[in-house]
Amino acid sequence: MQHVENKKAPWTAADIPNLQGRTAIVTGASAGLGLETALRLAEHGARVVLACRNADKAAAAAETIRRTAPDADLPFVELDLTSLKSVHRAAARLHDDFGQIDLLVNNAGTLSRERTVTEDGFETTFGTNHLGPFAFTGLLLDLLHSAPQARVVTVTSGVPAQKGTWLDLDDLTYERRTYKAYPAYAQSKQANASFAFELQRQLNGTGSRLISVLAHPGAAESDFAQNFGPAVAFLSRPSLRWVFRIVMQTVEMGALPSLRAATDPGVRGGDFYGPTGSTKGYPVPNAAGERTRDPELAAQLWAESERLTGVTYRFDQLDGEAD
């Protein structure tokens, strides 16, 4: 059932509560939406783990964040979602360093213009956007359960999550179909949404207070947008920014759905937040498409994701509520 709210004033970053004592992980935190998300969480007192591929870019991001939050605690963990070895190493490092994780924001993503493969042989867009985060979340499940009110926020894209039949369970990594960049991206983002809802279904009845929440940024004016082709890159030129902003919003606005999903005390497991409009606006509960919420499709995707990654979620070990 879609979450309906009565609040009249728009939700903004000023509504983020005090996050002192809480540990958050933001993947892809070195730029764009991930950096903005990490900055606002740190500004409100959270210790924010910058989970990024590149240590130098993570250090630069930390400098940017400290201009707003000088005392921010910003540990770095190297995470390359195109490599299951890297995912396992990052998860092991986090187990060494932390006894619990309060928040995981699966933000990092990509769009490959041509079909390439990851270190493990998966089509790059699907491997980075879905299989990597699926494995990372599963490996951190115990740390998340150990926190009293933890959340996993999965970042999807509006159109794939709300309509379309992008998922092809018989050819998830485009080994048989002709590769096209946007359909491959849309498939990975529909997989993100299906994963987030299925994670909540799996958590229901375990006694865990961990919840799974979905968010989409609308059309945010970040460097990532240029992956959608030369037309978008052309319109993002400074002289044409006014045209771009007719349909797109700033990174600051684009990060608000993830931030609300991550921090609003009224959020419930299985909620989905996005802009008021299809591409722009303040964050409100959104409706997901019927296919995205299909439990049979989600169960099949889940089983295939466990097979491909070798990561099995151990919900049977979540023995009641965390302390």
Side-chain angles (χ1 to χ4, degrees), residues 10-79 81 90 94 97-98 101-110 133 136 140 147 150-157 213-226 236 241 245 248-265 267 273-275 280-283:
W11 194 95
T12 71
D15 291 302
I16 298 173
N18 188 324
L19 302 175
Q20 289 286 343
R22 296 174 67 81
T23 298
I25 301 171
V26 180
T27 69
S30 62
L33 294 169
L35 174 55
E36 177 66 18
T37 301
L39 187 157
R40 297 306 165 195
L41 294 174
E43 182 183 28
H44 287 81
R47 172 171 53 188
V48 183
V49 180
L50 308 179
C52 310
R53 287 186 300 175
N54 185 293
D56 291 336
K57 289 182 178 180
E63 283 188 29
T64 298
I65 293 169
R66 289 196 177 100
R67 293 185 199 124
T68 299
D71 298 324
D73 186 0
L74 302 167
F76 162 70
V77 63
E78 183 178 348
L79 174 67
L81 292 169
L94 291 165
D97 292 349
F98 304 107
I101 299 296
D102 299 276
L103 174 62
L104 170 59
V105 183
N106 284 318
N107 162 81
T110 192
F136 191 52
L140 297 180
R151 297 182 189 183
V152 175
V153 176
T154 302
V155 180
T156 184
S157 181
V213 191
L214 187 66
H216 85 88
E221 188 184 352
S222 66
D223 290 343
F224 182 82
Q226 299 192 32
S236 66
R241 241 354 122 73
R245 287 188 173 172
M248 302 191 79
Q249 61 184 357
T250 64
V251 168
E252 290 79 8
M253 285 292 293
L256 288 181
S258 294
L259 288 166
R260 184 169 187 186
T263 67
D264 187 338
V267 170
Y273 285 89
K280 298 175 67 175
Y282 290 96

Could you go through the side-chain contact (heavy atoms from CB on, under 4.5 Å) check for Leu140 and Phe98 one step at a time? CA-CA 11 Å; Leu140 297 180; Phe98 304 107; over 6 Å; no

Going through the checks in order, is the side-chain contact (heavy atoms from CB on, under 4.5 Å) test met by His216 and Val155? CA-CA 5 Å; His216 85 88; Val155 180; 5.8 Å; no

Set out, in order, the CA-CA distance, both residues' side-chain angles and the distance that settles side-chain contact (heavy atoms from CB on, under 4.5 Å) for Val105 and Ile25, then state yes or no. CA-CA 6 Å; Val105 183; Ile25 301 171; over 6 Å; no

Do Leu19 and Thr263 pass the side-chain contact (heavy atoms from CB on, under 4.5 Å) test, and can you show the C-alpha distance, the side-chain angles, and the key distance before you say yes or no? CA-CA 8 Å; Leu19 302 175; Thr263 67; 4.1 Å; yes

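Residue Leu104 comes nearest to Phe136 through the heavy atom pair CD1-CE2, 3.8 Å, listed as atom of the first residue, atom of the second, then distance. Scanning both residues, Ala261 and Val213, for their nearest heavy atoms gives CB-CG1, 3.6 Å. Heavy-atom minimum distance, Pro217 versus Gln249: O-NE2, 2.9 Å. Nearest heavy atoms, Val153 versus Ala215: CG1-CB, 4.3 Å. Here the shortest heavy-atom pairing between Ile101 and Ala150 reads O-CB, 3.6 Å. Contact detail for Ala29 and Cys52: the closest heavy-atom pair is N-SG, 3.6 Å.
Here the CG atom belonging to Leu256 is positioned 10.0 Å from the CG atom belonging to Leu33, to the nearest 0.5 angstrom. Considering CZ of Arg260 and OH of Tyr282, their distance stands at 13.0 Å, rounded to 0.5 Å. Going from atom CG of Leu41 over to atom CG of Leu74 covers 10.5 Å, rounded to the nearest 0.5 Å. Separation of atoms CG (Leu39) and CZ (Arg67) is listed at 10.0 Å; rounding is to 0.5 Å. Taking CG from Leu35 and CG from Leu50, the interatomic distance works out to 8.5 Å, rounded to the nearest 0.5 Å. Rounded to the nearest 0.5 angstrom, Leu103 CG and Arg151 CZ are separated by 8.0 Å.
Using a distance-only test at 3.5 Å, with no hydrogens or angles considered, a donor-acceptor pair links the side chain of Asn107 to the main chain of Thr27. One N or O on the side chain of Asp15 and one on the backbone of Thr12 form a donor-acceptor pair closer than 3.5 Å. The closest donor-acceptor contact from the side chain of Thr68 to the backbone of Thr64 lies at 3.5 Å or more, if one exists at all. Asp102 contributes a side-chain N or O that, together with a main-chain N or O of Thr23, makes up a donor-acceptor pair within less than 3.5 Å.
Among residues at least two apart or in separate chains, salt bridge (Lys or Arg N to Asp or Glu O under 4.0 Å) pairs with a member in residues 28-57 are Glu36-Arg40, Arg40-Glu43.
Using a 4.5 Å heavy-atom cutoff, the side chains of Val48 and Val26 are in contact.
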